[in-house]
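Inspection log for the structure reproduced underneath, given as structure tokens.
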Amino acid sequence: MRNFLSINDVDSLSALLLSAQEIKSDRFAFNMLGKNRTLLLIFFNSSLRTRLSTQKAATNLGMNVIVLDINQGAWKLETEYGVVMDSDKPEHILEAIPVMASYCDIIGVRSFASLTDREGDYQEKILTQFVRYSGKPVISLESATRHPLQSFADVITIEQYKKRDRPKVVLTWAPHPNPLPQAVANSFAEWVRLADYELVVTHPKGYELSHDFVPESHIEYDVEKAYENADFIYAKNWSVFDQTNYGKILSKDMRWMVDSNKMQLTNSAKFMHCLPVRRNMIVEDSVIDGPQSIVLEQASNREISAQVILKEILTSQF
Ligand code: CP
């Protein structure tokens with residue numbers, strides 16, 4: 001594995017899941033693999049889980065870790081090519097990337113969608129430049145369109161809890177006060193299809209995701225019907241993908257909040273969310289605090305997913 005940006009970088013999901021089991025049973029078994037190797041984590045956006053779990057995973061492998069918050073203490077970066085640099089951004093990403101890359105062996109990048117420029121977001125303008133100009137393996141820590149370390153942790157978690165080979169997994173939009181990217185939902189759908197689970201996506205009309213991630217045949221607009229016989233309910237908010245209203249909020253329809261009444265329609269489904277979560281907007285307290293909630297296990301598996309991917313890259317690239 002050279003980079004980890006999407007499912008396109010995965011040769012075999014079953015091999016990655018086996019590696020996850022191996023690491024879970026002894027996460028320090030490969031603690032010399034990363035000796036004298038440095039991981040640089042670059043955050044254009046805030047993070048709790050991704051920041052901590054990826055640092056921990058790298059440390060388990062014996063790596064050194066440097067963390068850089070671009071908006072706190074670093075020079076503001078210009079990311080557009082050909083502009084006159086007379087704004088408040090004194091450094092261009094074209095110099096910054098190779099400079100940062102010269103101090104490390106692997107780079108992790110978090111760069112969210114702008115939600116104003118759909119074409120630029122879906123071309124992954126920032127992440128692509130890191131791949132092109134760093135000369136180093138690049139790991140997505142959540143990009144404009146995907147969050148693969150989260151999705152891989154989600155699949156690890158589903159494998160732990162599933163009661164049948166091909167569980168019914170429902171991805172439900174849920175209301176949120178602010179416009180959020182589609183990355184987690186896109187990525188989750190992509191990984192659920194790779195794992196060959198049954199995928200049903202439910203949301204109010206107008207919140208259709210790109211058909212590259214969720215073909216129309218997987219959508220169920222009747223939220224209660226979607227929940228029937230579900231094994232996993234995965235909640236996430238996202239803003240509009242459609243060009244006309246890209247990045248906007250169309251509704252905050254509370255019928256899509258995950259509540260105990262709808263959970264009763266399921267096959268004793270487990271409740272999942274990538275966190276952070278808005279209680280009593282996305283999910284009722286009684287559900288997230290109840291025995292069906294596996295959100296903390298999901299978050300814990302972020303260390304495992306990051307360690308599997310770092311191990312893959314260290315083994316194949318150095
Ligand atoms: N789920 C997740 O990526 O959390 P953070 O934004 O806190 O990293």
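Just follow the structure's listing: the first ligand is 1, and inside any ligand the first atom is 1. Basis for what follows: all heavy atoms, side chains included, without hydrogens, waters or symmetry-related copies.
Distance from atom 3 (O) of ligand 1 to its nearest protein heavy atom, with residue and atom name: His147 NE2, 2.8 Å.
Of the N or O atoms in Arg49, one or more lie within a sub-3.5 Å distance of an N or O in ligand 1. Where the criterion is an N or O separation shorter than 3.5 Å, residue side chain and backbone included, Arg302 meets it with respect to ligand 1. In terms of polar-atom proximity, Ser47 is counted as a contact of ligand 1, with an N or O under 3.5 Å from an N or O of the ligand.
Under 4.0 Å from ligand 1, the heavy atoms of Arg110 that appear belong solely to its side chain. Here Leu141 has no heavy atoms under 4.0 Å from ligand 1, in either its backbone or its side chain.
Glu297 and Gln160 form a side-chain donor-acceptor contact under 3.5 Å, judged by distance and modelled atom types alone. Counted by atom type alone, Tyr197 and Glu159 present one or more donor-acceptor pairs between their side chains at under 3.5 Å.
A cation-pi arrangement is absent between Lys270 and Tyr161 under the rule of less than 6.0 angstrom and at most 45 degrees off the ring axis. Cation-pi check for Arg51 over Phe43 is met; the charged atom lies under 6.0 angstrom from the ring centroid and within 45 degrees of its normal.
When the heavy atoms of Asp154, Val277, Leu275 are ranked by distance to atom 1 (N) of ligand 1, first place goes to Leu275.
Taking every non-hydrogen atom of Leu48 and a distance limit under 4.0 Å, the qualifying atoms of ligand 1 come out as 5 (P), 7 (O), 8 (O). Under a 4.0 Å criterion applied to the non-hydrogen atoms of Cys274, ligand 1 contributes the atoms 1 (N).
With hydrogens and angles disregarded, a donor-acceptor distance shorter than 3.5 Å links the side chain of Asp231 to the backbone of Lys168.
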Next item on the list: Step by step, work out the salt bridge (charged side-chain N to carboxylate O under 4.0 Å, His left out) result for Arg27 and Glu303.
Entry: CA-CA 9 Å; Arg27 57 195 75 197; Glu303 179 182 340; 3.1 Å; yes
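By the 30° and 60° cut-offs, the orientation of the rings of Tyr234 relative to Phe188 is parallel.
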